Amino acid sequence: MATLRFTTAGESHGPGLVAIVEGLPAGLELDRDRLDREMARRQLGHGRGGRMKIESDSVEIRSGVRHGRTLGSPVAVLVANRDYANWEERMSPWPVDAAVEEVHTPRPGHADLAGLLKYGHSDVRNVLERASARETAARVAAGALAKELLHTFGVSVHSHVVQIGSVRATERPDPSAEDFTGVDESPVRCLDPRASEAMVAEIDRLRKANESLGGVFEVRAFGLVPGLGSHVGWDERLDSRLAQALVSIQAVKGVSVGEAWEVAGRPGSESHDEIFWSGEQGWHRETNRAGGVEGGTSNGEPLTVLAALKPISTLTKPLRSVDTETMEPAEALRERTDSTVVPAAGVVGEAMTALVLARCYREKFGGDHIGDALGALSAYRERIGWRR
Ligand code: EPS
């Protein structure tokens with residue numbers, strides 16, 4: 001099928017997570033080390049809690065791949081939850097003899113209360129286990145497969161943190177693909193070394209005050225051809241697809257494409273990217289205010305998307321809530337948690353962006369075998385005279 005879709009399943013402390021990716025062409029060579037590296041990257045970042053010391057995520061492929069190449073059939077991947085060993089009774093799929101304590105104190109900002117009411121549960125755990133951002137491990141596994149496809153098409157997807165709490169990065173505001181080498185060496189995945197240090201200090205300061213922190217990450221994709229997405233239908237627009245994909249990440253509350261908020265306050269003459277053509281470069285721009293998307297379609301400039309996260313809603317000094325059994329005021333659930341997940345969320349943002357872009361490539365260039373898709377891409381580049 002010449003589209004690409006994926007779904008995930010799994011609870012945070014259940015036996016494991018599953019992702020199923022449909023629509024990868026046959027014959028795509030997968031790099032096992034690269035897949036595992038993606039999983040490890042999501043576990044990085046200053047501000048994670050105790051859980052990351054327990055987990056060591058890896059991709060276990062259950063179908064759709066043979067001897068390192070895709071078969072064209074659905075690819076199912078499994079990511080085990082090592083922590084399940086400590087939760088076996090509490091999260092058992094089958095009834096257990098032991099008494100399992102229910103959670104009745106929903107956290108403000110989480111899915112807890114709405115999920116309880118909507119699904120008719122009495123135990124908040126039946127909601128929070130799935131709402132947990134542990135699920136993003138499955139997204140990164142799916143995204144790593146999408147990245148393998150994009151890699152074949154000459155596309156790379158990167159991310160960096162530009163704000164944590166009140167600290168903003170100011171250096172290297174317009175990074176190229178090469179600038180991202182080494183971004184994971186920063187403990188907060190930030191390209192600005194001074195801001196990186198200040199972010200670490202901010203996380204430590206707020207953690208001591210029992211606070212959590214939000215922030216902003218940017219995703220950039222390089223090597224895209226023009227023509228991904230389309231102006232012809234609202235749900236075909238590349239920016240609308242990216243917005244949905246990124247806002248779907250736990251705790252992400254806002255997404256912008258290019259210099260969205262800046263150009264809202266500027267005159268039109270300073271808000272667009274003038275068009276140039278030369279024999280050497282072909283079509284090109286000297287600015288990229290649009291973030292690589294015009295009319296819902298990629299224009300061949302680097303894709304730039306920002307996503308803002310609210311602070312994590314599990315607080316070590318809980319907010320006020322109500323006990324859902326007694327209806328009396330109560331403190332919200334206090335669980336082991338992270339102080340901030342912005343560095344990891346950037347990696348998840350890359351995965352979601354890669355999945356959207358891979359789908360656009362599949363829709364535009366089709367092909368049951370990777371060779372067919374590459375042939376169609378090359379014919380298209382030739383037709384539009386694309387030199388990059
Ligand atoms: C999460 C709470 C923490 C995080 C978890 C997401 O888990 P726990 O409750 O087990 O300490 O560490 O994230 C992950 C496990 C992960 O792999 O990212 C939450 O409530 O969303």
Side-chain angles (χ1 to χ4, degrees), residues 8-19 36-60 77-91 101 103 105-116 123-144 159 161 184 188-189 203 207 210-215 217 248-253 309-316 318-319 321 332-352:
T8 72
E11 277 75 39
S12 181
H13 303 98
L17 304 161
V18 174
D36 282 336
R37 231 176 4 252
E38 285 301 298
M39 301 304 290
R41 291 180 66 229
R42 195 199 64 92
Q43 297 198 268
L44 295 173
H46 191 72
R48 300 305 298 271
R51 179 77 184 267
M52 287 306 102
K53 293 191 180 71
I54 299 172
E55 304 296 343
S56 166
D57 294 334
S58 64
V59 178
E60 206 181 301
V77 300
L78 200 67
V79 182
N81 287 330
R82 289 195 177 182
D83 206 13
Y84 180 60
N86 306 313
W87 289 77
E88 250 176 278
E89 279 196 327
R90 284 173 290 174
M91 290 302 293
E101 208 182 317
V103 178
T105 47
R107 294 158 298 174
H110 229 281
D112 299 354
L113 181 58
L116 205 73
D123 187 353
V124 170
R125 183 158 300 285
N126 289 341
V127 178
L128 72 84
E129 284 288 334
R130 176 64 182 159
S132 160
R134 172 70 185 150
E135 185 255 353
T136 60
R139 298 195 197 205
V140 169
S159 73
V161 169
D184 293 339
V188 282
R189 307 195 57 259
I203 294 166
R207 179 161 46 191
N210 291 306
E211 287 288 1
S212 60
L213 301 89
F217 66 81
S248 80
I249 299 169
Q250 291 81 341
V252 170
K253 301 304 285 182
L309 279 90
K310 64 181 178 182
I312 286 172
S313 44
T314 306
L315 294 177
T316 42
L319 295 175
S321 182
L333 170 68
R334 188 198 333 223
E335 279 212 313
R336 174 186 63 192
T337 186
D338 307 306
S339 310
T340 192
V341 289
V342 186
V347 178
V348 183
E350 288 175 33
M352 293 306 290

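Everything numeric in this text was worked out from a predicted model, so none of it was measured. All ligand and atom numbering here is 1-based and tracks the order in the structure.
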Worksheet item: Numbering the atoms of ligand 1 from 1, which are under 4.0 Å from a heavy atom of R42?
Response: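 Result: 16 (C), 17 (O), 18 (O).
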Structural part of [X] in contact with ligand 1, heavy atom criterion under 4.0 angstrom:
X    : result
E55  : neither
H13  : side chain
R336 : both

Worksheet item: If we only count heavy atoms from C-beta on, is the H13 to R90 side-chain gap below 4.5 Å?
Response: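 A side-chain contact is absent here, since even the closest heavy-atom pair is not under 4.5 Å.
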Discussion item. I'd like to check E129 versus D123 (side-chain heavy atoms, cut-off strictly below 4.5 Å). Are they in contact?
Written reply: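 No, side chains not in contact.
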Tell me: protein heavy atom nearest [atom], and distance?
atom                    : result
atom 7 (O) of ligand 1  : R51 NH1, 3.8 Å
atom 15 (C) of ligand 1 : R134 CD, 3.2 Å
atom 21 (O) of ligand 1 : A133 N, 2.9 Å
atom 4 (C) of ligand 1  : D338 OD2, 3.2 Å
atom 19 (C) of ligand 1 : S132 OG, 3.4 Å
atom 14 (C) of ligand 1 : M52 CE, 3.5 Å

Worksheet item: Distance only, no hydrogens: is a donor on one side chain within 3.5 Å (strictly under) of an acceptor on the other, for R107 and T314?
Response: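 On atom types as modelled, these side chains qualify, holding a pair under 3.5 Å.
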Worksheet item: Can a donor-acceptor pair be found between the side chains of R139 and T8 at a distance below 3.5 Å?
Response: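 No, because no side-chain N or O of R139 sits under 3.5 Å from a partner of the opposite role on T8.
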Determine whether a donor-acceptor pair (N or O, by modelled atom type, separation under 3.5 Å) exists between the side chain of [X] and the backbone of [Y].
X   : Y    : answer
N81 : S12  : yes
D36 : V59  : yes
E38 : V140 : no

Practice prompt. Please check if a non-hydrogen protein atom sits closer than 4.0 Å to atom 2 (C) of ligand 1.
Written response: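 Looking at atom 2 (C) of ligand 1, one finds that no protein heavy atom lies closer than 4.0 Å.
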Discussion item. Going by salt bridge (Lys or Arg N to Asp or Glu O under 4.0 Å), D57 matches just one of R37, R41, R42. Which one?
Written reply: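 The salt bridge (Lys or Arg N to Asp or Glu O under 4.0 Å) with D57 is passed solely by R42 among R37, R41, R42.
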Worksheet item: Does even one non-hydrogen atom of R48 get within less than 4.0 Å of ligand 1?
Response: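 Yes.
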